[in-house]
Amino acid sequence: MPETPSRKIGLAVLISGRGSNLQSLIDACRLPDFPAEIKVVVCNKPEAYGIERAKQAGLPCVVISHKDFSSREAFEQAMLNALSDYDIDLICQAGFMRILTPHFITPWAGRLINIHPSLLPKFKGLHTHERAIEAGETEAGCTIHYVTEGVDEGEIILQRRVPILEHDTPDDLAARVLEQEHIAYPEAIRLLAK
Ligand code: GAR
């Protein structure tokens with residue numbers, strides 16, 4: 001008898017821009033053995049290209065502009081409300097560029113993860129590639145980690161590393177790291193599903 005496939009993990013993906021990591025998750029979710037499926041994409045920037053990617057994949061995409069709210073908490077509440085319409089087990093921040101407060105994080109603690117383009121705990125925050133090159137690092141990479149109140153400080157789930165080459169510009173390095181990001185996010189979800 002064929003095995004009954006176990007229930008897939010329901011994902012919400014939070015984005016703010018280009019959405020290439022969203023695309024890597026969309027592509028992974030098309031593989032029959034991938035243990036998760038995207039239930040909804042939430043985007044805080046109405047002009048983000050990632051919205052187009054979600055639409056092309058036939059996924060519901062909720063656009064909630066943070067600019068329409070007078071406080072972070074009110075914006076976050078709108079996201080919480082939107083998410084409550086879907087059967088979500090895990091929220092994946094994929095280039096989501098808003099810092100979240102405990103109002104959002106606490107109810108999702110342990111089920112909210114982020115991808116960051118550095119080898120945390122090095123280079124938290126922005127301009128990670130430029131800073132890694134300036135610091136004379138020989139290695140860079142990306143980190144998937146749990147989201148906690150301390151920005152880019154939550155427990156690490158996995159990292160992938162790349163070399164920094166002698167004449168790298170920040171853009172060269174960003175492209176090399178991004179390739180690994182697209183492998184890392186699906187890999188992290190497989191790991192969490194186990
Ligand atoms: C990615 O490099 C991601 O790691 C980074 O933004 C980019 C989004 O690209 N995230 C952060 O810097 C979070 N602090 P994408 O929209 O093509 O996925």
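For the numbers below, each heavy atom of this structure counts, side chains included, while hydrogens, waters and symmetry mates do not. Whatever order the structure lists them in is the order used to number ligands and atoms, beginning at 1.
Residues Gln56 and Glu52 have side chains that bring a donor and an acceptor to within less than 3.5 angstrom of each other. Counting only N and O atoms by type, the side chains of Asn81 and Ser84 include no donor and acceptor under 3.5 Å apart. No side-chain N or O of Thr128 forms a donor-acceptor pair with one of His116 less than 3.5 Å apart.
In the hydrophobic clustering (ILVMFWY side chains linked at under 4.5 Å, chained through shared members), Leu126 is joined by Met97.
Taking the salt bridge (Lys or Arg N to Asp or Glu O under 4.0 Å) definition, one finds that Asp171 meets it with nothing, sequence neighbours left out.
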Determine all donor-acceptor pairs shorter than 3.5 Å in which one atom belongs to a side chain in residues 28-42; sequence neighbours excluded.
unit_1: Arg30; atom_1: NH1; unit_2: Asp27; atom_2: OD1; d: 3.4
unit_1: Asp33; atom_1: OD1; unit_2: Arg190; atom_2: NH2; d: 3.4
unit_1: Asp33; atom_1: OD2; unit_2: Arg190; atom_2: NH1; d: 3.2

Kindly print each ligand 1 N/O atom paired with any protein N/O atom under 3.5 angstrom away, one pair per line, or none if nothing qualifies.
unit_1: ligand 1; atom_1: 2 (O); unit_2: Glu181; atom_2: OE1; d: 3.2
unit_1: ligand 1; atom_1: 2 (O); unit_2: Glu181; atom_2: OE2; d: 2.9
unit_1: ligand 1; atom_1: 4 (O); unit_2: Glu181; atom_2: OE1; d: 2.7
unit_1: ligand 1; atom_1: 4 (O); unit_2: Glu181; atom_2: OE2; d: 3.4
unit_1: ligand 1; atom_1: 9 (O); unit_2: Arg18; atom_2: NH2; d: 3.0
unit_1: ligand 1; atom_1: 16 (O); unit_2: Gly19; atom_2: N; d: 2.8
unit_1: ligand 1; atom_1: 17 (O); unit_2: Arg18; atom_2: NE; d: 2.6
unit_1: ligand 1; atom_1: 17 (O); unit_2: Arg18; atom_2: NH2; d: 3.3
unit_1: ligand 1; atom_1: 17 (O); unit_2: Ser20; atom_2: N; d: 2.8
unit_1: ligand 1; atom_1: 17 (O); unit_2: Ser20; atom_2: OG; d: 2.6
unit_1: ligand 1; atom_1: 18 (O); unit_2: Ser20; atom_2: N; d: 3.4
unit_1: ligand 1; atom_1: 18 (O); unit_2: Asn21; atom_2: N; d: 2.9
unit_1: ligand 1; atom_1: 18 (O); unit_2: Asn21; atom_2: ND2; d: 3.0

